[in-house]
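In the text below, chain A, chain B and the rest are named by the order of the sequence lines, each starting its count at 1.
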There are 2 protein chains.
Amino acid sequence: MDEGAAAERSRRRAKRVSMADVARLAGVSSQTVSRVSNGHPGVVAATRQQVLAAMRELGYRPNSAARALKRGEFRTIGVVLFTLSTTGNVRTLEAIASSAAHEGYATTLLPVAAPTHDEVRGAFTRLGELAVDAFIVIMEVHLLDAATVELPPGVQVAVADSNAGDRYSVVDTDQAGGSYAAVNHLLELGHRTVWHLAGPEESFAAQRRADTWRAALEDAGRPVPEMLRGDWSADSGYRAGLRLAEESGCTAVFAANDQMALGLLRALHEMGRAVPEEVSVVGFDDIAEAGSFMPPLTTVHQDFAEVGRMLVQGVLRQLRSESTEPGTTLVPTWLVERSSTAPPPGADRTDSAET
Amino acid sequence: MDEGAAAERSRRRAKRVSMADVARLAGVSSQTVSRVSNGHPGVVAATRQQVLAAMRELGYRPNSAARALKRGEFRTIGVVLFTLSTTGNVRTLEAIASSAAHEGYATTLLPVAAPTHDEVRGAFTRLGELAVDAFIVIMEVHLLDAATVELPPGVQVAVADSNAGDRYSVVDTDQAGGSYAAVNHLLELGHRTVWHLAGPEESFAAQRRADTWRAALEDAGRPVPEMLRGDWSADSGYRAGLRLAEESGCTAVFAANDQMALGLLRALHEMGRAVPEEVSVVGFDDIAEAGSFMPPLTTVHQDFAEVGRMLVQGVLRQLRSESTEPGTTLVPTWLVERSSTAPPPGADRTDSAET
DNA sequence: CAATGCGATGTTTACGTAAACATACCGCGT
DNA sequence: ACGCGGTATGTTTACGTAAACATCGCATTG
């Protein structure tokens, strides 16, 4: 076992083909191999072919460690995230990975087990040792705060889902715009006011959506009902829905995400409150399934793909210009009207919300 | 604050702090710094403290490229996948990333833009240059086949969602077991037969589920209805549902995933076919929202976390022992009974399916 | 026809780390 | 007192690549 492992290790070591090997076989210098490998000009076609043939024969593949060491860059972007259980994170990650790939960068995942300060700090410590030129954090900023001191200097950062625009380059969807559109849509349908099922307290996005909901109501001079709170899950939406169904005055609900809206719909259905005839529901996210809810959900669409793209562009720009540009970039959101909203029961006019 | 940041920035690019710098400040040799950095024994406490202090002062972080070059390994696992739009892939990736992190490995994403042969080949070519010790492929194998020749030698591979067990180490959920359980559950409720809404033809998983569905019916001596086909999306489930609602003989449907089941539920609802009173529906995946469908969906649970864990264990074992062990490992699946299934209309006895 | 210039290729070197080897020192036993 | 064993630390070297510099040869030109 022991000598087996040792032998295998040496075999693997021996197996590794280097430029020198290719150069020897092709009868050229290793520098020429390097030139061919990197597509540099100044290599005559015949030589190039010879080198390429030798590469193929030996199965040469460049050693990226050596390459990175020499060049001083890894061509890799690290992504720090806490969970892949929310649509937004997944969609954003997907866009990051493909944008990065498009730019010739690899994407390395740095999962943080739990969103505690210790965990985040630990992650950043590990991150300091990671083969990464820049990284993108998809996480609440109040956790980032504590970890800031640990951030390895010399690595560019961009942040999603955060309000740290004063210190980092932040890209986020237009939470306020979307929330405002959602609430106003309901008011315009004639609802007297709108209830809100918020996301967890720790979430910046949840807070921003709730704040905007409140502001929109106050702007319109409407009463602000008590806010309910969920944890993004459909179950928490269901529980909130059971309670809302008892509120006879409740004719419109703005849920902070689609999953909770799903639970809400089920609770309302089970309690015999028809959607949208008796109660209107608006969600947030526009997940792929939203159009197949019962009824199809009116919700706020977020362009996560664009967020990912902009995040990558952001860090790469920083990387190239060597400048950090704090600031927040907002990606537009818009309301997608489906069938879960309608004028409130007893409303004769569908277009006026004048009191 | 500003000049601090600026200073740091210029210091960074000008020269990254190396072991030599730390060694100079601490008044020791760089080798001693290396020993401290790697926690090697044989460094007296006083010296260690001195080195650590110097590291802190200079903000030293090891250069992983140099380290990888020297050690001959990257401590990184690459994951090749086509899409993050399916629950299974996302859950699996998440588990891979956290298992890998737990083992001290980073996870690098290699997205494949489209599941075409060319794309996959290109991905593997890029992958050959990637700083990766091993990789995991989450993709249909028939695409892998064409790319096999391109697979960089000396890199360990494990595969999910595939039937390439003869050549690679494959980990998959027990598709057959789950499908069998789903069909039998419906038969035992008293349904005469079960319809099937399959996933896309290209999908190995879809094929396996369909095959098992057919086999289970044949085993029980039941008629095999015409199979419907969707593309995993809720929309395709909806379209199939519209058609099924017209089939008066249809009392039980086994959908190949939960998203399609969702669309199915909506179509049946809109067509006035009550679930589960008139039609029973079973899904596959047990996505987080399945319990909040209307009605809550009976479905087959897949333990993607376990799949990810085993994939990582698999490649790491291969890496350490340098042996490739083809073979398929199945992770158990089980039926989660919720409220979307019931005996067929007109059935008096709920336990017997005898004709 | 020789000088010149430039394109093609080779040689040297440095990147930061860590293994392997080398040395210096200390305490101990005889 | 002397050497011996062992430990703490220093020195050398190699990992694979690519920039910088060096060289060679051929064609163009005065």
| request: Name the closest nucleotide to the Lys70(B) side chain, picking from dG10(D), dT9(D), dA14(D). | output: dA14(D)

| query | Can you check whether Thr32(A) has a side-chain N or O nearer than 4.0 Å to OP1 or OP2 of dG10(C)? | reply | yes

| Does OP1 or OP2 of dT9(C) have a side-chain N or O of Thr47(A) closer than 4.0 Å? | yes

| said: Whole angstroms only, please: what is the CD-C1' distance between Glu73(B) and dA18(C)? | reply: 13 Å

| task | Check the distance between dT9(C)'s P and Arg24(A)'s CZ and give it to me in whole angstrom. | result | 20 Å

| task | Would you please say whether a donor-acceptor pair under 3.5 Å links the side chains of Thr108(A) and Thr108(B)? | result | yes

| What is the distance from atom CD1 of Ile136(A) to atom OG1 of Thr107(A), rounded to the nearest 0.5 Å? | 8.0 Å

| Whole Å only: how far is the NE2 atom of His40(B) from the P atom of dT17(C)? | 14 Å

| query | Just to confirm, is there a sub-4.0 Å distance from OP1 or OP2 of dA18(C) to any side-chain nitrogen or oxygen of Arg67(B)? | reply | yes

| message | Can you work out whether Gln31(B) or Leu69(B) has the more 5'-proximal nearest nucleotide on DNA chain C? | response | Leu69(B)

| For residues Arg67(A) and Ser37(A), is any side-chain donor paired with an opposing acceptor at under 3.5 Å? | yes

| query | Are any of the side-chain nitrogens in Glu103(B) or Arg320(B) under 4.0 Å away from the carboxylate oxygens of its partner? | reply | yes

| note | With the side chain defined as heavy atoms from C-beta on, Ser29(A) is closest, among dT11(C), dT17(D), dG10(D), to dT11(C)

| request: Give one of base, sugar-phosphate or nothing for Val33(B), where a contact means two heavy atoms less than 4.0 Å apart. | output: nothing

| task | For Arg61(A) and dG16(D), give me the distance from atom CZ to atom C1', rounded to whole Å. | result | 13 Å

| request: Would you indicate, yes or no, if dG16(D) has its OP1 or OP2 atom less than 4.0 angstrom from a side-chain nitrogen or oxygen of Ser34(A)? | output: no

| message | In this structure, how many angstroms lie between the P atom of dT12(C) and the CE atom of Met19(A), rounded? | response | 18 Å

| note | Out of dG16(C), dA8(D), dA18(C), minimum distance to the side chain of Ala66(B) belongs to dG16(C)

| query | What heavy-atom pair brings Asn89(B) and Thr83(B) nearest, and what distance separates the two atoms? | reply | ND2-O, 2.9 Å

| What's the CZ-P distance between Arg71(A) and dT13(C), to the nearest Å? | 23 Å

| request: Check whether any side-chain nitrogen or oxygen of Ser18(A) sits under 4.0 Å from OP1 or OP2 of dC15(D), and answer yes or no. | output: no

| request: Quickly work out the Arg35(A) CZ to dG7(C) P distance and round it to whole Å. | output: 13 Å

| Under 4.0 angstrom between Asn63(B) side-chain N/O and dC15(C) OP1 or OP2 | no

